[in-house]
Amino acid sequence: MEYVDAVVIGGGQSGLVAAGALRELGVSPVVLDASDRPGGSWPHYYDSLTLFSPARFSALPGLSLDGDPDRYPHRDEVVDYLARYARRLDVEIRTRTRVEAVESAGDGFVIRTADGRGLTTAGIVAATGAFANPLRPDLPGQGGFTGDVLHVADYRSPEPYAGKRIVVVGGGNSAVQVGHELAEDARVTLASRHPIRFLPRLRAGKDIHHWLTSTGFDHLPLEWLVHFVGGTLVQDTGQYQNALANGHLERKPMFTALDGDSVVWADGTRETVDAVLLATGYRPSLGCLASLGALTPDGMPLHSGGISTTHPGLVYLGLEFQRSFASNTLRGVARDAAHVIPPLVAHVRKAPAAAGL
Ligand code: FAD
């Protein structure tokens, strides 16, 4: 069976940064990605998406984003940028190669791919993202609901929803951005457990990312803050708060049930709706590690700061709050790579002989 020193599963921004960091430390990895090109999930995000951080705060190590550093690049620019980033890495990237399962083998691993092949390795970076694993909560009464229930992962553009009555479940960035876009031509209510909390995009004339980076806030392990605040903070130039204030967009406490063609609101009133759009987030897409014993029963990785606590030689990159507020972002991934890649390289250097791989 083919042996490689290190395998990066996933060729999105996290996998590409991991591959570059491995190369810098003298290890030549192979990147395996299920899709037909490197760059990750960005091509599948909704059509109007622009980055929440300006270009100057959104580049990966070694390659800046072209153009005005203060603009907010569109999704397609990120897709192109990541394609360029992948080309200049000089790393072997095998696309259309889905990892089905990872098994332990001595101090290393056997990786089984969907095309029936296998390879052995001493080190794995799991950089599989979360987009393929949308969280779809079971809503009370959903089985008998006659409208559509969709996840925002399936949303691309507002046209199919024109003239419809839509409830968007969630109070985070995706819920508000997509809800606001839909409200141009549809009647939209955001249904959320907590009131929506906004984070002004500009402070003292500068983008919030200037302050997040210059104060060091971005580096802090602040998952507790999100729970304390009661949900994520929605970045806003003022347009979303205005839309809620002037009735363009409505927000209500989470409904209690779906029933037939209706939602039943917390105050007992019923309303006919065409579609419920779940903006309820994602969970790590780590199914290929399930049989390895590296995950909790509900599929979450057992790790400390991205380093597996069950398997030496296994690290993660791109997990939400892996080490900080910025972990699962373009601006944060390199800092986490600097934490997880050196110990992985140390393991790879000593593992092959011991493992007899
Ligand atoms: P992904 O981009 O999801 O890439 C994972 C890759 O792994 C995919 O290519 C997939 O094919 C591959 N893969 C998965 N499983 C397997 C397997 N078993 N075998 C082989 N390959 C596999 N961040 C920002 O910094 N700024 C933003 O403005 C921003 N906006 C966002 C908007 C949305 C709607 C979402 C969902 C996220 C946004 N993020 C943003 C967060 C984050 O930067 C992106 O989600 C980014 O795509 C994460 O990169 P990744 O490489 O970790 O994962």
Side-chain angles (χ1 to χ4, degrees), residues 7-19 30-55 57-60 65 72-75 77-79 81-83 85-86 93-102 111-115 117 124-135 151-156 170 172-178 181 201 207 209 212 218 232 234-235 279-290 292 306 316-322 325-334 336-337:
V7 170
V8 179
I9 310 176
Q13 69 205 32
S14 301
L16 296 176
V17 167
V30 169
V31 179
L32 306 178
D33 197 292
S35 63
D36 58 0
R37 58 181 151 173
S41 300
W42 287 96
H44 308 292
Y45 297 160
Y46 56 88
D47 292 347
S48 65
L49 181 81
T50 53
L51 288 184
F52 49 64
S53 52
F57 297 110
S58 306
L60 301 176
L65 275 147
Y72 297 85
H74 180 259
R75 173 202 68 184
E77 285 183 70
V78 182
V79 172
Y81 169 79
L82 291 175
Y85 197 85
I93 301 174
R94 299 182 192 168
T95 54
R96 300 176 202 273
T97 306
R98 173 173 296 284
V99 174
E100 291 274 303
V102 177
I111 292 180
R112 310 260 175 219
T113 53
D115 57 9
R117 294 184 200 195
I124 293 180
V125 182
T128 47
F131 192 66
N133 194 14
L135 182 64
H151 194 278
V152 75
D154 306 316
Y155 173 81
R156 296 298 293 240
N173 282 287
S174 289
V176 175
Q177 286 163 14
V178 169
E181 176 167 277
R201 178 174 268 187
D207 180 273
H209 292 88
L212 290 175
D218 239 2
T232 45
V234 175
Q235 233 189 80
T280 40
Y282 302 85
R283 289 290 176 268
S285 184
L286 292 167
C288 62
L289 300 181
L292 188 64
Y316 301 90
L317 208 53
L319 300 174
E320 196 176 19
F321 296 111
Q322 180 165 320
F325 191 62
S327 277
N328 179 32
T329 66
L330 288 158
R331 72 183 189 282
V333 64
D336 286 2

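Source: prediction; values computed, not measured. When a ligand or atom number is given, it counts from 1 through the structure's own listing order.
Scanning the protein for heavy atoms near atom 21 (N) of ligand 1, the closest one is A34 N, 3.0 Å. The single protein non-hydrogen atom nearest to atom 43 (O) of ligand 1 is Q13 NE2, 2.9 Å, given as residue, atom name and distance. The protein heavy-atom contact nearest to atom 7 (O) of ligand 1 is G10 CA, 3.3 Å. Scanning the protein heavy atoms around atom 31 (C) of ligand 1, the nearest turns out to be W42 CH2, 4.1 Å. Protein heavy atom at the shortest distance from atom 41 (C) of ligand 1 is N328 O, 3.3 Å. The protein atom (non-hydrogen) at minimum distance from atom 2 (O) of ligand 1 is S41 N, 2.9 Å.
Listed by atom number, the atoms of ligand 1 under 4.0 Å from L51 heavy atoms are 26 (N), 27 (C), 28 (O). Under a 4.0 Å criterion applied to the non-hydrogen atoms of L330, ligand 1 contributes the atoms 24 (C), 25 (O). Counting the atoms of ligand 1 from 1 in the order shown, those under 4.0 Å from a heavy atom of G129 are 3 (O), 5 (C), 53 (O). If you number the atoms of ligand 1 from 1 as listed, the ones under 4.0 Å from a heavy atom of G40 come out as 2 (O), 4 (O), 8 (C), 9 (O). Contact atoms of ligand 1 toward R98: 18 (N), 19 (N), 20 (C) (distance under 4.0 Å to a heavy atom of the residue). Under a 4.0 Å criterion applied to the non-hydrogen atoms of T128, ligand 1 contributes the atoms 5 (C), 7 (O), 14 (C), 15 (N), 16 (C).
A pairwise comparison of heavy atoms in D336 and Q322 identifies OD2-CB, 3.7 Å as the closest pair. In terms of heavy atoms, D47 sits closest to R75 at OD1-NH1, 2.9 Å. When every heavy atom of L65 is checked against every heavy atom of P73, the shortest pair comes out as CD1-CG, 4.4 Å. Here the shortest heavy-atom pairing between A86 and I93 reads CB-CD1, 3.9 Å.
Using a 30° and 60° split on the angle between ring planes, H151 and Y282 fall in the perpendicular class, above 60°. Ring orientation note: the planes of Y85 and Y81 are tilted relative to one another, at an angle of 30° to 60°.
Crowding of R117 atom CZ: a count of heavy atoms from other residues, nucleotides or ligands under 6.0 Å not exceeding 12.
The parts of F52 lying near ligand 1 are both backbone and side chain, judged by heavy-atom distances below 4.0 Å. Only the backbone of L32 comes within 4.0 Å of ligand 1, judged by heavy-atom distances. With a heavy-atom cut-off of 4.0 Å, V152 does not touch ligand 1 at all.
In this structure, OG1 in T128 is found 10.0 Å from CZ in R98, a value given to the nearest 0.5 Å. A distance of 6.5 Å separates CG in L330 from CG in L82, rounded to the nearest 0.5 Å. Rounded to the nearest 0.5 Å, atoms CD (Q13) and OG1 (T329) are 7.5 Å apart.
Centroid-to-centroid, the aromatic rings of Y72 and H209 stay 6.0 Å apart or farther.
An N or O contact shorter than 3.5 Å links S14 to ligand 1 by distance. Below 3.5 Å of separation, one finds an N or O of V99 facing an N or O of ligand 1. Polar contact with ligand 1: absent for T329 (N/O pair, distance under 3.5 Å). Checking only distances, Y46 never comes within under 3.5 Å of ligand 1, N or O to N or O. For G39, no nitrogen or oxygen atom sits less than 3.5 Å from a nitrogen or oxygen atom of ligand 1, counting backbone and side chain alike. Residue G318 places no N or O, backbone or side chain, under 3.5 Å from any N or O of ligand 1. Considering both main-chain and side-chain atoms, Y45 comes within under 3.5 Å of ligand 1 through a nitrogen or oxygen pair. The shortest N/O to N/O separation between D33 and ligand 1 falls below 3.5 Å.
The closest approach between A127 and ligand 1 falls below 4.0 Å for a heavy atom of the residue. Distances shorter than 4.0 angstrom do not occur between any heavy atom of T113 and any atom of ligand 1.
When atom types are taken as modelled, the side chain of N173 and the backbone of Q235 share a donor-acceptor pair closer than 3.5 angstrom. Checking side-chain atoms of T97 against main-chain N and O of T95 turns up a donor-acceptor pair under 3.5 Å.
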- [ ] Go through the steps for Y46 and Q177 under the test side chain to side chain donor-acceptor pair (under 3.5 Å), then give the verdict.
- [x] CA-CA 10 Å; Y46 56 88; Q177 286 163 14; 2.4 Å; yes
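Between the side chains of S58 and S53, at least one donor N or O lies within less than 3.5 Å of an accepting N or O.
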